[in-house]
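Positions are given from 1 along the sequence.
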Amino acid sequence: MTSFVDFRNVWLAYNDELLAKRQYAVEDISLQVGTGEFIAIVGPSGCGKSTFMKLATGLKRPSQGSILIDGREVTGPLKITGMAFQAPSLLPWRTTLDNVLLPLEIVEPYRSNFRARRSEYAEKAKKLLASVGLAGYEDKFPWQLSGGMQQRASICRALIHEPKMLLLDEPFGALDAFTREELWCILRDLQAAQKFNVILVTHDLREAVFLADTVYVMSRSPGRMLVRKTIELPRPRELELTYTKGFTDLVLELREHIGAIRQKSGKPAGSVEVPQ
């Protein structure tokens, strides 16, 4: 499998003063992610998961080492990625449809011909919204949508420009368990159909095991990749799988790794911040 994401001995200090003191947010990260692969990153709070995301999108440059995405070294913010966060951050004065269309107004090559092709792009957005169960909600404003609906719209907005990679930072963390699982299945189906790469940062180990091909466990700051676990569960995965012994064994194995990290930092293993 061709590497789509390639981190080579990456270290990051957030400023020159910290670099001089050799105080790094993440250190010595090397990993390769295949084309179309779905990875999840888990670990205790403050371990550098979000820092890793900033490096993967080009929002931060490494202090040492190099990062290649799609065969090219990352030297600045990437246009081939889409992002969604725990807070949907939809613009309250725009309808659902107009929120989803926003990247096409900003990102080239769509920006140059947005006005001329708006109706075409709107149809594309409507099909995407329909695929996540939001048909009929195109003209609603964010305050008229539930939290789960807002997050579905946020994912559509992240995918409307057909990015090669989707980055998700705790996207379902604020939702109830039933809505969260529903969105797992929506994301599973979108990724299976479109084959984009996904990097998911999450505290939910069930979420990581259900969705990912590979799960990485990060240490406490400075963040290192301590464990790489291949999830050898057949696809497509249905929610019933989450109640099987094979699934729960994988979740427990990852939980034990995080518990060991917390014990080393002086915190009891029982205080691991992951939903059960």
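- When side chains are defined from C-beta on, Val42 counts as touching Leu205, because their heavy atoms get closer than 4.5 Å.
- Linking Ile, Leu, Val, Met, Phe, Trp and Tyr residues whenever their side-chain heavy atoms come within less than 4.5 Å places Leu254 and Leu241 in a single cluster.
- Between Lys124 and Glu162, the closest side-chain pair of non-hydrogen atoms falls below 4.5 Å.
- Between Lys21 and Glu17 there is a salt bridge, with a side-chain nitrogen of the basic residue lying less than 4.0 Å from a carboxylate oxygen of the acidic one.
- Residues Ile160 and Cys156 have side chains not in contact (no heavy-atom distance under 4.5 Å, counting atoms from C-beta outward).
- In this structure a side-chain-to-backbone donor-acceptor pair under 3.5 Å is missing from Thr248 to Val251.
- Taking the six-membered ring where tryptophan is involved, the planes of Trp11 and Tyr24 are perpendicular, since the angle between them exceeds 60° and thus also 30°.
- Between Arg117 and Glu123 there is no salt bridge, since no side-chain N of the basic residue sits under 4.0 Å from a carboxylate O of the acidic one.
- Residues Leu167 and Leu31 fall within the same hydrophobic cluster, defined by Ile, Leu, Val, Met, Phe, Trp and Tyr side chains chained together at heavy-atom separations under 4.5 Å.
- Residues Met225 and Asp28 fail the side-chain proximity criterion, which asks for heavy atoms closer than 4.5 Å.
- There is a side-chain donor-acceptor pair under 3.5 Å between Ser50 and Asp169.
- Side-chain N/O atoms of Arg152 and Ser154 include no donor and acceptor closer than 3.5 Å.
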* To do: For the pair Ile155 and Val132, evaluate side chain to side chain contact (heavy atoms under 4.5 Å, CB included) and give the outcome as yes or no after the intermediate values.
  => CA-CA 9 Å; Ile155 290 171; Val132 301; 5.7 Å; no
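- In this structure the side chain of Leu239 reaches within 4.5 angstrom of the side chain of Trp184, judged on heavy atoms.
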* To do: Take Ser89 and Arg157 through the side-chain hydrogen bond (donor to acceptor under 3.5 Å, both in side chains) test and state the conclusion after the steps.
  => CA-CA 11 Å; Ser89 65; Arg157 182 179 60 184; 3.3 Å; yes
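- Residues Leu233 and Phe247 have side chains in contact (heavy-atom distance under 4.5 Å, counting atoms from C-beta outward).
- One side chain, Thr202 or Glu207, offers a donor N or O that lies under 3.5 Å from an acceptor on the other.
- Atoms CD1 and CD1, on Ile39 and Ile231 in that order, are 12.0 Å from each other to the nearest 0.5 Å.
- No donor-acceptor pair closer than 3.5 Å links the side chain of Gln32 to the backbone N or O of Asp6.
- Side chains of Gln23 and Tyr14: a donor-acceptor N/O pair is absent below 3.5 angstrom, by distance only.
- To the nearest 0.5 Å, atoms CG (Asn99) and CZ (Phe141) are separated by 9.5 Å.
- The main-chain N or O of Met53 is found under 3.5 Å from a side-chain atom of Thr57 such that the two form a donor-acceptor pair.
- No continuous path of hydrophobic side-chain contacts links Ile106 to Tyr121 [ILVMFWY only; heavy atoms under 4.5 Å].
- Within a 6.0 Å sphere centred on OH of Tyr137, heavy atoms belonging to other residues, nucleotides or ligands number 12 at most.
- In this structure, the side chain of Gln64 does not engage the main chain of Asn9 through any donor-acceptor pair within 3.5 Å.
- For the atom pair CZ (Phe210) and CG (Leu250), the distance works out to 13.5 Å, reported to the nearest 0.5 Å.
- Between Leu166 atom CG and Ile199 atom CD1 the span is 9.5 Å, to the nearest 0.5 Å.
- Checking Asp70, Asn197, Thr81 one by one against Lys164, the side-chain hydrogen bond (donor to acceptor under 3.5 Å, both in side chains) holds for a single residue, Asp70.
- Glu108 and Ser112 are linked by a side-chain donor-acceptor pair at a separation below 3.5 angstrom, with hydrogens and angles left out of the test.
- Salt-bridge check for Glu170 with Lys49: failed, with every basic side-chain N at 4.0 Å or more from each acidic carboxylate O.
- With hydrophobic clusters built from ILVMFWY side chains whose heavy atoms lie under 4.5 angstrom apart, Val201 shares a cluster with Met218.
- Atom CG of Asp16 has 12 or fewer neighbouring heavy atoms from other residues, nucleotides or ligands inside a 6.0 Å radius.
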* To do: Show the numbers, then the answer: is there a side chain to side chain contact (heavy atoms under 4.5 Å, CB included) between Val198 and Met165?
  => CA-CA 6 Å; Val198 183; Met165 181 166 64; over 6 Å; no
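- Within the 4.5 Å cutoff, side-chain heavy atoms of Lys126 are placed close to those of Leu97.
- Side-chain atoms of Glu37 and Thr214 form a donor-acceptor pair, as typed in the model, at a separation below 3.5 Å.
- Using a 4.0 Å cut-off between charged side-chain N and carboxylate O, Asp98 and Arg118 make a salt bridge.
- A single hydrophobic cluster is seen to contain both Leu12 and Leu78, as judged by linkage of ILVMFWY side chains at heavy-atom distances under 4.5 Å, directly or through other members.
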* To do: Mind running salt bridge (charged side-chain N to carboxylate O under 4.0 Å, His left out) on Arg188 and Glu238 for me, showing each step along the way?
  => CA-CA 10 Å; Arg188 172 203 64 195; Glu238 302 298 336; 3.5 Å; yes
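- Here NE2 of His203 is found 9.0 Å from CD1 of Ile258. Values are rounded to the nearest 0.5 Å.
- Here the CD atom belonging to Glu253 is positioned 8.5 Å from the CG atom belonging to Asp249, to the nearest 0.5 angstrom.
- Using a 4.5 Å heavy-atom cutoff, the side chains of Ser219 and Glu27 are not in contact.
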